[in-house]
Amino acid sequence: MPPPSCLPPVLTPSSLDFLRCSLLDWYTISGRDLPWRHTRDPYAIWISEIMLQQTQVKTVIPYYDRWLRQFPTIEALAAADQQQVLKAWQGLGYYARARHLHQAAQLIVQTHGGQFPDTLEAVLKLPGIGRTTAGGILSAAYNQPVPILDGNVKRVLSRVMALPVPPSKAMKHLWQASSELLDRQHPRDFNQALMDLGATLCTPSNPACLLCPWRTACRAFDLNMQNDLPVSERRAPLPHKQIGVAVIWNQQGQILIDRRRPDGLLGGLWEFPGGKIEPNETVEACIRREIQEELGIEVEVGDRLITIDHTYSHFHVTLNVHHCRHVQGEPQPIECAEVRWVTVDELDQFPFPKANVQIITALQTANCPH
DNA sequence: TAAACGTGGCG
DNA sequence: TCGCCAAGTTT
């Protein structure tokens, strides 16, 4: 049962001082040592903030290190081509982040002389940067007093205030709380500390309340509701799609791959062609039909290579992958951006989504024709 | 406003 | 196996 919403406010002038001081003291002792906390280069911090969107620290660190070696400056990123950028992002997901990063770098070179902007207004105009990321960058890089509201902060504040509704229903209230709480004397450390609190103590399940500097002020702890908050959002079950996928071989022992259109799911990445299996359609018939529709060629469907179950953010798929033989016609980029014949050894040079990387691995390990 | 948008980890 | 969640933004 949700808590009553008519309790006295948690954030009073006198409690604010306690919350700020106790959090900063805790952070001094228990804050995490993270790679992007060793720099104040706004570019490096920007990269970290984008990679960290919906992505855990542990996943990000190796990508962050590689990225800064490969693209050490905004100019270097702007000058790269999109395929290089997507390859560096391969496996991180939400690929629009990489496309926006690339676009934004080019925009910064054109309109800000290659210098990352230092005003909230200018930063918010960059593609891929919303309010939370802007606050994260401006506070971390320039110590500007701009609040944040990421998943950690939403959870921490939902508990401290015993928010009776899902966070998405109270965004205005949460932003106000984050802004009022923010320590204007120490915005960099305060924002980082708030996120660390959420990531290490005020965790989604089994929060370590006995170690928390805020436990005496936390309404959820007081009500013993820390395991029931924040109120979860309902989501519909994910639909499941059956997909037919073709590994099409030509007489030279090459394979046909296509590059997806620049926007939408997996935009700009390469893939093995295929499509959705219609009701009452066999995998083989689906593959022949899809390849004709998408590439304008005729293929003969052969042995199954691998079956892959994969989950995207909003649906499940089963990829039914078959070897195919190119029979006739010149491949045309009818429903994609580009098509190309490549050898198995060349596949590693192209950015592929994770489910397709599994196909490549199967090709490199299994006994294949040719 | 709500849905689209990846992947990995955990209970 | 399955649902939930993670340093959110865009349309």
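Given the structure is predicted, the values throughout are model-derived calculations rather than measurements. Every chain is numbered from 1 and lettered A, B, ... according to where its sequence line falls, protein lines coming before strand lines.
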For [X], answer base if it contacts any base atom (sugar-phosphate contacts may also be present), sugar-phosphate if it contacts only those atoms, and nothing otherwise; contact means non-hydrogen atoms under 4.0 Å.
{"X": "A:Gly198", "result": "nothing"}
{"X": "A:Leu34", "result": "base"}
{"X": "A:Arg32", "result": "base"}
{"X": "A:Thr133", "result": "sugar-phosphate"}
{"X": "A:Ser205", "result": "nothing"}
{"X": "A:Ile50", "result": "nothing"}
{"X": "A:Trp89", "result": "nothing"}
{"X": "A:Thr55", "result": "base"}
{"X": "A:Leu92", "result": "base"}
{"X": "A:Gly136", "result": "nothing"}
{"X": "A:Pro237", "result": "nothing"}

- Item | Atom-to-atom span, CG of A:Asn227 to P of B:dC10 - whole angstrom |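 Whole-Å distance recorded here is 19 Å.
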- Task: Check the distance between C:dG8's C1' and A:Lys154's NZ and give it to me in whole angstrom.
- Result: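 Rounding to the nearest Å, NZ of A:Lys154 and C1' of C:dG8 are 7 Å apart.
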Within the pair [X] and [N], is there a side-chain N or O less than 4.0 Å away from OP1 or OP2?
{"X": "A:Arg155", "N": "C:dA7", "answer": "yes"}
{"X": "A:His314", "N": "B:dA3", "answer": "no"}
{"X": "A:His310", "N": "B:dT7", "answer": "yes"}
{"X": "A:Tyr94", "N": "B:dA4", "answer": "no"}

[N] to [M] separation - [atom1] atoms, rounded to the nearest Å:
{"N": "B:dG8", "M": "C:dT9", "atom1": "P", "value": "22 Å"}
{"N": "C:dC4", "M": "B:dA3", "atom1": "P", "value": "15 Å"}
{"N": "C:dA6", "M": "B:dG6", "atom1": "C1'", "value": "12 Å"}
{"N": "B:dT1", "M": "C:dG8", "atom1": "C1'", "value": "16 Å"}

- Item | Toward the 5' end of DNA chain B, by each residue's nearest nucleotide, A:Arg99 or A:Lys58 |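 Going by which nucleotide is closer to the 5' end, it is A:Arg99.
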- Message: I want to confirm an ordering. Mapping A:Pro353 and A:Lys169 to their closest nucleotides on DNA chain B, which one lands closer to the 5' end?
- Response: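 Looking at the nearest nucleotide for each, A:Lys169 comes out on the 5' side.
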- Residues A:Ser168, A:Glu233; criterion side-chain hydrogen bond (donor to acceptor under 3.5 Å, both in side chains); working and verdict: CA-CA 8 Å; A:Ser168 66; A:Glu233 325 263 351; 2.7 Å; yes
Compute the centroid of each ring, for [X] and then for [Y], and state whether the two points are separated by less than 6.0 Å.
{"X": "A:Phe190", "Y": "A:Tyr27", "value": "no"}
{"X": "A:Trp67", "Y": "A:Tyr63", "value": "no"}
{"X": "A:Trp341", "Y": "A:His326", "value": "yes"}

- What's the verdict on side-chain hydrogen bond (donor to acceptor under 3.5 Å, both in side chains) for A:Gln192 and A:Arg37, showing C-alpha distance, side-chain angles and the deciding distance? CA-CA 9 Å; A:Gln192 297 299 314; A:Arg37 289 183 182 165; 3.0 Å; yes
- Query: Can you name the nearest heavy-atom pair linking A:Val339 to A:Pro331, along with the distance?
  - Reply: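 Heavy-atom minimum between the residues: CG2-O, 3.8 Å.
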